[in-house]
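Below is one structure, written out as structure tokens; comments come after it.
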Protein chains: 2
Amino acid sequence: MTDPQHVKGNRLDPWLDNYAARAHGLRASETRSLFAVAARPEVVSLAGGMPNLKDLPLEELAEATATMLRKDGGKALQYGNGQGLPRLREQIPEVMALEGIAADPEDVIITTGSQQAVDIITELFIDPGDVVLAEAPTYVGSLSIFATYQADVQQVPIDAEGVIPEALEERIESLERQGRTVKFFYCLPNFHNPAGVTLSEERRPRVIEICRRHHVLIVEDNPYGLLGFEGQTYTALKTIAPDDVVYLGSFSKIFAPGYRVGWAVAPPAVRDKMKLASEAAILCPSSMGQYSISTYLEQFDWRAQISEFRGMYRRRRDAMISALEEYLPSCTWDTPDGGFYVWLGLPEGLDAKEMLPRAVTNLVAYVSGTAFFARGRSGEDHLRLSFCYPEPEEIREGVRRLSEVVARDLELVQLFGPAHLEPSPGVSAPAPDQI
Amino acid sequence: MTDPQHVKGNRLDPWLDNYAARAHGLRASETRSLFAVAARPEVVSLAGGMPNLKDLPLEELAEATATMLRKDGGKALQYGNGQGLPRLREQIPEVMALEGIAADPEDVIITTGSQQAVDIITELFIDPGDVVLAEAPTYVGSLSIFATYQADVQQVPIDAEGVIPEALEERIESLERQGRTVKFFYCLPNFHNPAGVTLSEERRPRVIEICRRHHVLIVEDNPYGLLGFEGQTYTALKTIAPDDVVYLGSFSKIFAPGYRVGWAVAPPAVRDKMKLASEAAILCPSSMGQYSISTYLEQFDWRAQISEFRGMYRRRRDAMISALEEYLPSCTWDTPDGGFYVWLGLPEGLDAKEMLPRAVTNLVAYVSGTAFFARGRSGEDHLRLSFCYPEPEEIREGVRRLSEVVARDLELVQLFGPAHLEPSPGVSAPAPDQI
């Protein structure tokens, strides 16, 4: 039936010529190929960011879900409100209150995980070529979204106290001089993914003052804010400047990610546009997910559950730090006081991306630092270690295995220099005793 | 803190100048304002497309969900595979087999309702200004998505046998002559929303042949295909031309929409890109929703449930058609043999959009035909009546109320001509006895 004159695309993809410009930027993220690897049971995965759900009271949740379905099943199985279930929008401010944030239920938009909120915000604000400011490094999942919308992601250095205000302002001013449009600053102020650091209280008003002065919207992504290991919380940017911040929250780390329920709190005009964009994309978030979470918040002691999570993750953090001190003193890190991650600096000359296959061969997985930088812009001198999911003894063993790989790579670097670590395709690296 | 030199936007929205071009096309859909109206209990809503869930076995579903959570809760509450739960991807082809469609689980991508699948397809294929072909009328939710991606939606006439092949080819050729890029044809072949008609078996290969010849991808949206009132099904476009069709399916109408689980089956290269785009947007579909549906397909007689739905909707269709015959013989319609909708043609001179407030005042709601056309392009001579949700006696009463409104509008048209139906803002229409 096909007219050969009209054959287009290629053998593998007849539709190749039909894609939108944005589709050509889609690539598998670096973390993704690792999910497959991490699934092998003999590998200790320090790669994934899956929360540890072992402590959730499954039996009670099963009962409560069944009771909810008997009572509200007709609504929980039906389409719902595009902005989210009103009852849950009333409850979300109670969660935010734990961090001292005041939110009006009217300004809450419930999303399919906070990932969808980042997607919508980017859809609403970014024309191809517009600038998104982000921290260096930043969350890999948001980088995928920014790439899809063809944003120019400009990453600003951070240190142990979070983003460096002077560097932020310098970058904005330099972009302004070039006539570039900076649309928003995407920021993870608490227990940063992947850097593990927290924006200091002292810097928060300065960051806001800079963004305000340059009319840059702040997107405050805060999935880990309630997971401070000592129960500590920090002043939300949203609290300091409600009109200048779109705040993103999530139930994925303080309850469970399987419902895919997150939320945004936005200034009213932005909220209205977000609601329309979300309705266009998915009609409404899952009623079943929202009823389940609303039931959980109503019937369970979720504050005590969060405290339990804090202790559980603190013990894992402790296991990781003590293993690092013992096995990897040649590396550098800032000890996180909350969240899921350690951002590990490698000894000079090592390359995290290149080392990864050797690590996996040695049955330990991590994410190369390069995943957290917009395409082609460094990060190879760091890697992300997650301590959220494995047991403390597995974490210890994982770090030990990693230390073997680091030691071997380091030996090669010291003998032959960094170049020898990357053999050309198809050519074996010479064995050390051949030289 | 704000420097007045940098104040931008306006008082209502300080971020007004920051939005992307696509954000300015976002408007509340015409159906949406009606959801609020339809919620008033005294109004008979023939507007919404909510499935009727009264026949679902809630007690048994509650039990099965609880058992699933006890057994698989650790996985159902966790992040999952971006393409969807493998077990559910194995089950979906069993559902599709009822319509004679062969699908490889590898080619199935699970989405947040089939709405998200339309969103992803549009994201992947549409650059601003690219042409999407659709039927005239077409599904309002897809029109919202096409608007978001700044597509030029070109609608092709349909009749009682679905889209008219000659009109389709003529439109494509005319666009080609203008040098326009036609990216895909979005088609609802079965029990059309809103038109109620089905693409005839005779036309299906012709439509495919035309699209193939012009290298136009077909997006086959099929949420109602299993709801033929006599149990009849039709040959899927996907069956005739697997490489040229992205097929969309949904559990919303054959089970329940509250889980927000739909799916796409796409040629491998398109499938890979859809998977990446979905991961960027939401990481993964809800594990809880997928485990729940997988459990339902495994443990319940879902085929019998679909048969039950068919009978239930057939009885409602019968109630609507007999009421239309009795109360609205001045209108025109094609009697649907499946699905949820009747597309009602109004007597000459009446305007469905204008008449709506009067209908709501008379306690009946519908959707104006204008909602199903890309912005500003007709449809005012039709309206969509849904028979899916109300009880048969409510449907009858709704049609009776509508007939009163139609009769009054018709009387005005006959007395004064169509212009008098739309009084200027703030000026009352003259009472008939004043003229």
Side-chain angles (χ1 to χ4, degrees), chain A residues 1-3 6 8 12-15 18-21 23 26 50 53 58-59 61-63 65-66 69-70 73-74 76-79 112-113 115-116 119 124-127 141 144-145 148 183 209 212-213 215 217 243 256-260 269-270 273 276-277 280-283 286-289, chain B residues 1-3 6 8 12-15 18-21 23 26 50 53 58-59 61-63 65-66 69-70 73-74 76-79 112-113 115-116 119 124-127 141 144-145 148 183 209 212-213 215 217 243 256-260 269-270 273 276-277 280-283 286-289:
Chain A
M1 235 184 231
T2 310
D3 173 349
H6 290 86
K8 291 184 180 173
L12 287 173
D13 186 1
W15 304 105
N18 283 40
Y19 293 114
L26 280 172
M50 291 198 300
L53 305 178
L58 279 189
E59 176 58 38
L61 281 170
E63 268 316 309
T65 305
L69 276 174
R70 284 184 195 106
L77 300 183
Q78 190 54 277
Y79 289 113
T112 301
Q115 185 80 9
Q116 195 213 349
D119 187 61
L124 283 179
F125 283 98
I126 299 302
D127 283 314
S144 298
I145 292 172
T148 302
K183 287 295 182 69
E209 189 271 330
R212 265 197 182 161
R213 194 144 33 78
H215 199 63
L217 182 70
D243 294 341
Y259 298 105
R260 306 306 298 121
V270 177
K273 282 201 152 39
L276 288 171
I282 60 160
L283 294 181
S286 163
S287 301
M288 177 69 189
Chain B
M1 238 188 230
T2 310
D3 173 349
H6 290 87
K8 292 185 179 172
L12 287 173
D13 187 1
W15 304 105
N18 284 40
Y19 294 113
L26 280 173
M50 291 198 300
L53 306 179
L58 278 189
E59 176 58 38
L61 281 170
E63 268 316 308
T65 304
L69 276 173
R70 284 185 195 106
L77 300 183
Q78 190 53 275
Y79 289 112
T112 301
Q115 185 80 8
Q116 195 213 351
D119 187 61
L124 284 179
F125 283 97
I126 300 301
D127 284 314
S144 299
I145 291 172
T148 303
K183 288 294 183 68
E209 189 272 331
R212 265 197 183 161
R213 194 143 35 77
H215 199 64
L217 182 70
D243 294 341
Y259 298 106
R260 306 304 301 120
V270 177
K273 283 202 153 35
L276 288 171
I282 61 160
L283 294 180
S286 162
S287 302
M288 178 68 188

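Quick note on labels: first sequence line is chain A, next is B, and so on, each numbered from 1. As a basis for the values below, the full set of heavy atoms in this structure was taken, side chains included, without hydrogen atoms, waters or symmetry mates. No experiment lies behind these values; they were computed from the predicted model shown.
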Completion exercise
So CG of A:Leu61 and CG of B:Leu77: to nearest 0.5 Å the spacing works out to 6.5 Å
Practice task
Mark yes or no for whether A:Glu63, through its side chain, and B:Ala66, through its backbone, hold a donor-acceptor pair below 3.5 Å.
Solution key: no
Exercise for the section: Measure distances from B:Ala76 to the heavy atoms of chain A and classify the residue's part below 4.5 Å as side chain, backbone, both or neither. Expected result: backbone
Fill in the blank from the handout: Most heavy-atom pairs under 4.5 Å with chain B, out of A:Gln78, A:Lys273, A:Lys183, A:Arg70, belong to A:Gln78
Practice task
Examine whether an atom of A:Thr65 lies under 4.5 Å from a heavy atom of chain B, and if so say whether it belongs to the side chain, the backbone or both; otherwise answer neither.
Solution key: side chain
Problem - Which portion of B:Leu283 sits near chain A, non-hydrogen atoms under 4.5 angstrom - result: both
Exercise for the section: Give a yes or no on whether the backbone of B:Ala281 and the side-chain of A:Gln116 come within a donor-acceptor separation of less than 3.5 Å. Expected result: no
Handout entry: Contacting region of B:Thr148 [heavy-atom separation from chain A under 4.5 Å]
Key = side chain
Handout entry: Most contacts with chain A, counted as non-hydrogen pairs under 4.5 angstrom, among B:Ser287, B:Ala256, B:Ala280
Key = B:Ala280
Handout entry: Where A:Asp127 and B:Tyr19 come nearest, the two heavy atoms and their spacing
Key = OD2-O, 4.3 Å
Problem - Atom group of B:Leu12 that falls short of 4.5 Å from chain A, counting heavy atoms - result: backbone
Exercise for the section: Mind listing the closest non-hydrogen atom pair of A:Val270 and B:Trp15 along with its distance? Expected result: CG2-CD1, 3.9 Å
Completion exercise
Heaviest contributor of heavy-atom pairs below 4.5 Å to chain B, chosen from A:Asp243, A:Leu217, A:Leu69, is A:Leu217
